[in-house]
Amino acid sequence: MLRDVETLVQPRRIAVIGASSRNQSQGNIVIDNLTCRGFVGEILPVHPVATTIDGLPTIRSIDELPSGVDLAIASVPAHASAETAAALDAAGVASAIFFSAGFTALETDTFRSMAERLRMNVHGPNCMGLINCTDGIFLYPAKPTESLRTGPVSLIAQSGSAAISIINSAPFGFAKIVTVGSEFQLAADNYMQWFAKDSCTAVVGVILESIKRPAAFAEAARKLFSNGKSLVVLNVGRSRTGSAAARAHTGAMTSDADTYELFFRDHGIPVVDDYDELIASLQCLAAWGRQPGLGGLAIAGISGGQTALACDLAESAGVALASFDQLTVRNLQDVLPGISGSNPVDLGAVVGRETRDNEGGIDAILANPETVALALIQDSQASLNDRSLRYYLSVVAAYRRSAVKTTKPIVAISPSSQDLHPELLAAFESGGIPVIRGIREGLVGIRACYAGEVTPQKALAVSSPGPEIKALRAEITAQTGQLKPVQSAQLLRAYNIPVIASTIVQDATEAANRAAEVGFPLVVKVASRDIAHRSELGGVVTCIKDVVALGMAISDIEKNVREAAPEAVIDGYELQSYFDGDLEAVAGFVAVPPFGAKVVVGTGGTLVELTADRALGLAPLDLHEARRMILSTDLGKRLAGYRNLVPETDIDTLARLLVNLSRLAGDFGDIITECDLNPVLVGACKGDVMVVDALLIR
């Protein structure tokens, strides 16, 4: 359900529940914040006894509120929140903000489930409300910093303290500041949708710990981008901890962090790692907005050491550097004699300061076809002595003259985090050049302007599953744990994924009688509901050529399993056809609600986790994305004929396997948590593929 937050951002009639006639409660602070800033609407304190609160006449109960109340500020304890929300909804209140925290598990479940059913918008709880700086509406239960000013940036944070940190540190002004808290109903995407049409918002920053509605978040991002606005996200809690309970290799090879990275990448949303990077990115986006992601960054400054360091940090920050064509090199050497003419440009390396033409050099850099932006590394610290300051001001004057002649983004970067000198800051800003503190922060800020293309929303094709798939789904739904080999093979084949021919036998005698069903040579593996990775326990013997060798292999497997896993139940032995592949790949998926499923491909075999060679993509995949994933891995490099280790091999069959696997993941990801196809054998040249071992977990 798409909820409009207009009555939260721009309310005209506000009820306040929980304000005190004697003490300074959160409700009283909100009233004070509103009245001090000249709120022109109506404030209606609700109190059962007091006739006035903070000079305003009261209403005795929620059910006596007049019609047309846009917003209620609910400053009530956690245990009273659900009851208060129900009463406000019954009174026809459009929206309510709940500040309360400290909910028990039962109170959380009760309030959250109720909030989803209410007609009323519910903001919070466990939040610090919101501030509409543009209109002076401070729905905020604390006194904001005096440095807060109006500007083009809107901020959404799940954490109130995170928002306070950004407010206290930002060198720019804000349009709106929203702390969404625990998001029992409204979430960041609701406000992003509203900001997409807000003429006062040019760029949106989001600090989040989780996304509860990925499709709605992606749609809101697209709406922002299509309306010419920018977005940057700080995703907190991205430590790379894989699931300790993962049974499949694919589960152990990924983490929640991967899922968010894939989601943001797929939707062209820039991501930062900390508050300083977020501030720098918001600053750059406020100045330059979202830019086409083609070409590279040029770096220049009067210190060769600082520009060289910036290049090092650019590589680690994932910022591509521009190459200079021959014309640019000649032009630079003409106006800056003695320099190499390559990127980065050391303006201080010129032979004779009197011959240096900084303006001409910057003009030449900006004229270079591959230059999409310019970073100027310039000491701008507040502690500069007067002589250095005067010299640097003359340098900045040249930069400023160049800036007025170009539409390409120019960002000045002071190399440390120290406060900036006000004269240098004013000099840069008068030329439309933002100044960022810290080299890495500045580079990440520039990177945020070039986050990539916005891709259409992914959606699985709507199809009606056939009788076989319906029957398999019903069968799998009714069980838990590891799927039987026969079930796994049936399910994979239903999605056109090639699986090696196999059969299950109970003992060596049955194996001898049925070996002809798969034919020699063959492979025998233990079949056990308790064993996920059979080769690790000595539960696999390959290239068996006759019945005698088959009997010996089964005896050895039984002995190995009894010694390594005495508690494991041996359900039988799986006989498989022998497939002579040249390379071992791993493919699989992990269910990652609410994002769907995450598909994995890479180098397979017994060392799959040790090599950790993998590429990831969110289902569904198309053939182009599947190819890109394969080619990004070491497996892909070998398939391309790396050093003639393997002949150049067609990857399309493996790519189609991934596409089909992503369809399976989309259809069954709600009941199958992990799927591990390892190894998938790949034949050289033609690229034929065959799944020889499959582990699927209900």
Less than 4.0 Å between a side-chain N and a carboxylate O, is that true for [Y] and [X]?
{"X": "D258", "Y": "R614", "result": "yes"}
{"X": "E625", "Y": "R265", "result": "yes"}
{"X": "R473", "Y": "D670", "result": "yes"}

Using atom types as modelled and distance alone, determine if a side-chain donor or acceptor of [X] lies under 3.5 Å from a backbone N or O of [Y].
{"X": "S528", "Y": "V569", "result": "yes"}
{"X": "E370", "Y": "S323", "result": "yes"}
{"X": "S555", "Y": "G551", "result": "no"}
{"X": "Y450", "Y": "V319", "result": "no"}
{"X": "T649", "Y": "P647", "result": "yes"}
{"X": "D530", "Y": "A568", "result": "no"}
{"X": "Y573", "Y": "I557", "result": "no"}
{"X": "D613", "Y": "T603", "result": "yes"}
{"X": "E277", "Y": "D273", "result": "yes"}
{"X": "S230", "Y": "R290", "result": "yes"}

**Message:** Tell me which one of R213, Q185, R3 satisfies side chain to side chain donor-acceptor pair (under 3.5 Å) with N190.
**Reply:**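 Among R213, Q185, R3, the one that satisfies the side chain to side chain donor-acceptor pair (under 3.5 Å) with N190 is R213.
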Considering all heavy atoms, the nearest [X]-[Y] contact:
{"X": "Q158", "Y": "S210", "value": "NE2-O, 3.0 Å"}
{"X": "C449", "Y": "W288", "value": "SG-CB, 4.4 Å"}
{"X": "N343", "Y": "A322", "value": "ND2-O, 3.0 Å"}
{"X": "V444", "Y": "A317", "value": "CG2-CB, 4.3 Å"}
{"X": "L443", "Y": "A310", "value": "CD1-O, 3.5 Å"}
{"X": "S316", "Y": "R440", "value": "OG-NH1, 3.4 Å"}

**Item:** Step-by-step salt bridge (charged side-chain N to carboxylate O under 4.0 Å, His left out) determination, E563 to K559
**Value:** CA-CA 6 Å; E563 290 177 354; K559 178 176 177 292; 3.1 Å; yes
Interatomic distance, [X] atom [atom1] to [Y] atom [atom2] [nearest 0.5 angstrom]:
{"X": "K525", "Y": "Q576", "atom1": "NZ", "atom2": "CD", "value": "3.5 Å"}
{"X": "R698", "Y": "E475", "atom1": "CZ", "atom2": "CD", "value": "12.0 Å"}
{"X": "L695", "Y": "I531", "atom1": "CG", "atom2": "CD1", "value": "11.5 Å"}
{"X": "S577", "Y": "I500", "atom1": "OG", "atom2": "CD1", "value": "5.0 Å"}
{"X": "L664", "Y": "L657", "atom1": "CG", "atom2": "CG", "value": "10.5 Å"}
{"X": "R628", "Y": "T633", "atom1": "CZ", "atom2": "OG1", "value": "11.0 Å"}

Beyond-backbone contact of [X] with [Y], side-chain heavy atoms, under 4.5 angstrom:
{"X": "I207", "Y": "L155", "result": "yes"}
{"X": "Y642", "Y": "D634", "result": "no"}
{"X": "D667", "Y": "I469", "result": "no"}
{"X": "V232", "Y": "L285", "result": "yes"}
{"X": "L491", "Y": "L696", "result": "yes"}
{"X": "F217", "Y": "M192", "result": "yes"}
{"X": "L550", "Y": "L522", "result": "yes"}
{"X": "V180", "Y": "I156", "result": "yes"}

**Prompt:** Is the ring centre of F520 less than 6.0 Å from the ring centre of Y578?
**Reply:**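 When the ring centroids of F520 and Y578 are compared, they turn out to be at least 6.0 Å apart.
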**Request:** Give the C-alpha distance, both sets of side-chain angles, the deciding distance and a yes or no for salt bridge (charged side-chain N to carboxylate O under 4.0 Å, His left out) between E441 and R447.
**Result:** CA-CA 10 Å; E441 289 77 8; R447 185 187 70 192; over 6 Å; no
**side-chain contact (heavy atoms from CB on, under 4.5 Å) between L661 and Y495, intermediate numbers included** = CA-CA 7 Å; L661 185 62; Y495 284 85; over 6 Å; no
**E648, CD: over 12 other non-hydrogen atoms inside 6.0 angstrom** =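 It does not: E648 CD has 12 such atoms or fewer within range.
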**Message:** Pair V524, I554 - check side-chain contact (heavy atoms from CB on, under 4.5 Å), show working.
**Reply:** CA-CA 7 Å; V524 62; I554 289 176; 3.9 Å; yes
Which side-chain N or O atoms in residues 681-694 pair as donor and acceptor under 3.5 Å with protein atoms at least two apart or in another chain?
unit_1	atom_1	unit_2	atom_2	d
D693	OD1	R534	NH2	2.6

**Set of salt bridge (Lys or Arg N to Asp or Glu O under 4.0 Å) partners for E510, sequence neighbours left out** =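 Applying salt bridge (Lys or Arg N to Asp or Glu O under 4.0 Å) to E510 gives R514.
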**Message:** Is it true that Q479 and Q487 share a donor-acceptor pair across their side chains at a distance under 3.5 Å?
**Reply:**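 There is such a pair (donor and acceptor under 3.5 Å, judged by atom type) between the side chains of Q487 and Q479.
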